Amino acid sequence: MSSVAGTMADLGYAAGWAAVRHAPESVARGLFDRFGDLAGRRKGGPAQLRRNLARVVGTTPEEVPDDLVAAAVRSYARYWCEAFRLPVQDLAATAATVTVPGPDQVVLDAAISAGKGVILALPHTGNWDMAGVWLVQNRGHFATVAERLEPESLFRRFVEYRESLGFEIFPLSGGEEPPFARLAERLRAGGVICLLGERDLARHGVPVTFFGERTRMPAGSAKLAIETGAALLPVHHWFTDAPNSMISVGAPIDVSGGVGPATQALADVFEKNIAAHPQDWHMLQPLWEADWSSERRARIESDSPAEESDR
């Protein structure tokens, strides 16, 4: 991203936070909903989103229902509306709009009580920040990783935003040390960490089959669970009638077979949950190998030997 484009992006997010957070909730939500409706209708919406949803519903991009694309764009718009408004919300009251079924809370509490640390892995669904607010308000602080954005001012804006919600943030890159060691420290102390788990930001992911096609997913969750003995729990967040939403917490992933099988098991749970709520999966980037650019493919293939030696 050029310096000019980066500065404009930063200013755009700053304007969004300043304007949307102070607008009446009904006005803000109505505006974002209308944007979603307009963007998704008449074979519209982001082309990559259509291609990704086609895998989920088992059809071609051209045959993905317009209503599903509109709902997906509307859901993505809801995420941003809530993100812009969260810093000025009563976080305890906001957390109360999130429902976690009793049995799922039992799974989470059992893992926390074991004292070996807990890794909550979730895909880009619903509003992961809202899920984090629920966790902070109901179970205490947790640590997570933030993608390094450009310019630095935009990255700092997002870090400060999530720290204001009670999250402990480690940068994915460019920090004093790689985040893996810091996250492992938190787990060995019995803490909780949350990681987004279906998009390989570091380009060193594990090959998996996802909705019948090959892709790669981050190895970090499984590696941390294996090295620290922490429980690895798959989590899913999805929207219900605004402002309400739900979180599911799945049974611990078996990591005894190593990083590869554990990551595939996690992908299988993600697949099931995304299929149940496809409109709330915010994946607008190329995910599967078939959609990779030639540059990305070359970069990943050049990394493969070192990648294999790490596993």
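From a predicted model like this one, the values you see are computed outputs, not experimental measurements.
Listed for the Ser245 side chain is no donor-acceptor partner under 3.5 Å among the backbone atoms of Val98. Remark: the backbone N or O of Met283 is paired with a side-chain donor or acceptor of Asn52 at under 3.5 angstrom. With Gln264 contributing its side chain and Thr209 its backbone, the two residues share a donor-acceptor pair below 3.5 Å. At distances below 3.5 Å, at least one donor-acceptor pair connects side-chain atoms of Thr215 with backbone N or O atoms of Leu287.
Residues forming a side-chain contact (heavy atoms from CB on, under 4.5 Å) with Leu68 (at least two apart in sequence, or on another chain): Leu53, Val57, Val64, Pro65, Pro278, Gln279. Under the side-chain contact (heavy atoms from CB on, under 4.5 Å) criterion, Asp254 pairs with Ser256, sequence neighbours left out. Listed by chain and residue number, Gln48 satisfy the side chain to side chain donor-acceptor pair (under 3.5 Å) test with Arg51 (two or more places apart in sequence, or in another chain).
Rounding to the nearest 0.5 angstrom, the gap separating the CD atom in Gln137 from the OG1 atom in Thr94 is 8.5 Å. In this structure, the separation between NE2 on His277 and OG on Ser248 is 7.0 Å, given to the nearest 0.5 Å. With rounding to the nearest 0.5 angstrom, the NE2 atom of His236 is 11.0 Å from the CH2 atom of Trp128. How far NE2 of His282 is from NE2 of His124: 10.0 Å, rounded to the nearest 0.5 Å. To the nearest 0.5 angstrom, Phe270 atom CZ is 9.5 Å from Thr263 atom OG1. Distance check, rounded to the nearest 0.5 Å: CD1 of Ile169 to OG1 of Thr144 gives 5.5 Å.
The shortest distance between side-chain heavy atoms of Leu49 and Tyr76 does not fall below 4.5 Å. The closest side-chain heavy-atom distance from Trp134 to His237 is not below 4.5 Å. Using a 4.5 Å cut-off on side-chain heavy atoms (C-beta onward), Met130 and Arg78 make no contact.
Residues Phe167 and Asp129 approach most closely at CZ-O, 3.5 Å, considering heavy atoms. Between Arg50 and Pro61, the shortest heavy-atom contact is NH1-O, 3.5 Å. The heavy-atom pair separating Pro179 from Val145 by the smallest distance is CB-CG2, 4.0 Å. The minimum heavy-atom distance linking Leu284 with Pro46 is given by the pair CD2-CG, 3.8 Å. Contact detail for Gly258 and Ile226: the closest heavy-atom pair is C-CD1, 3.7 Å. Considering every non-hydrogen atom in both Ile253 and Ala262, the closest pair reads CG2-O, 3.7 Å.
Arg297 and Asp291 are not joined by a salt bridge, as no carboxylate oxygen comes within less than 4.0 angstrom of a charged side-chain nitrogen.
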Practice problem: Take Val136 and Leu91 through the test side chain to side chain contact (heavy atoms under 4.5 Å, CB included) and record every step on the way to the result. | Solution: CA-CA 9 Å; Val136 169; Leu91 295 182; over 6 Å; no
Exercise. Apply side chain to side chain contact (heavy atoms under 4.5 Å, CB included) to the pair Lys223 and Val259, showing each step before the final yes or no.
Key: CA-CA 6 Å; Lys223 284 185 175 182; Val259 171; 3.6 Å; yes
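Under a 4.5 Å side-chain heavy-atom criterion applied to ILVMFWY residues, the cluster that includes Trp238 comprises Met246 as well.
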What side-chain donor-acceptor pairs closer than 3.5 Å can you find for residues 185-195, not counting sequence neighbours?
from, atom 1, to, atom 2, distance (Å)
Arg186, NE, Glu168, OE1, 3.0
Arg186, NE, Glu168, OE2, 3.3
Arg186, NH2, Glu168, OE2, 2.7

Between side-chain atoms of residues 104-120 and protein atoms elsewhere (two or more places apart, or another chain), which donor-acceptor pairs fall under 3.5 Å?
from, atom 1, to, atom 2, distance (Å)
Asp104, OD2, Val249, N, 2.7
Gln105, OE1, Arg139, NH2, 2.7
Gln105, NE2, Val100, O, 3.0
Asp109, OD1, Arg139, NE, 2.6
Asp109, OD1, Arg139, NH2, 3.3
Asp109, OD2, Arg139, NH2, 3.3
Ser113, OG, Asp109, O, 2.8

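Taking the six-membered ring for Trp and thresholds of 30 and 60 degrees, Phe210 and Trp288 have nearly parallel ring planes, at less than 30 degrees apart. Ring geometry for Trp80 against Phe84 counts as tilted: the plane angle lies between 30° and 60°, on a 0 to 90° scale.
When hydrophobic clusters are built by joining Ile, Leu, Val, Met, Phe, Trp and Tyr residues whose side-chain heavy atoms come closer than 4.5 Å, directly or via intermediates, Leu135 is not grouped with Phe239.
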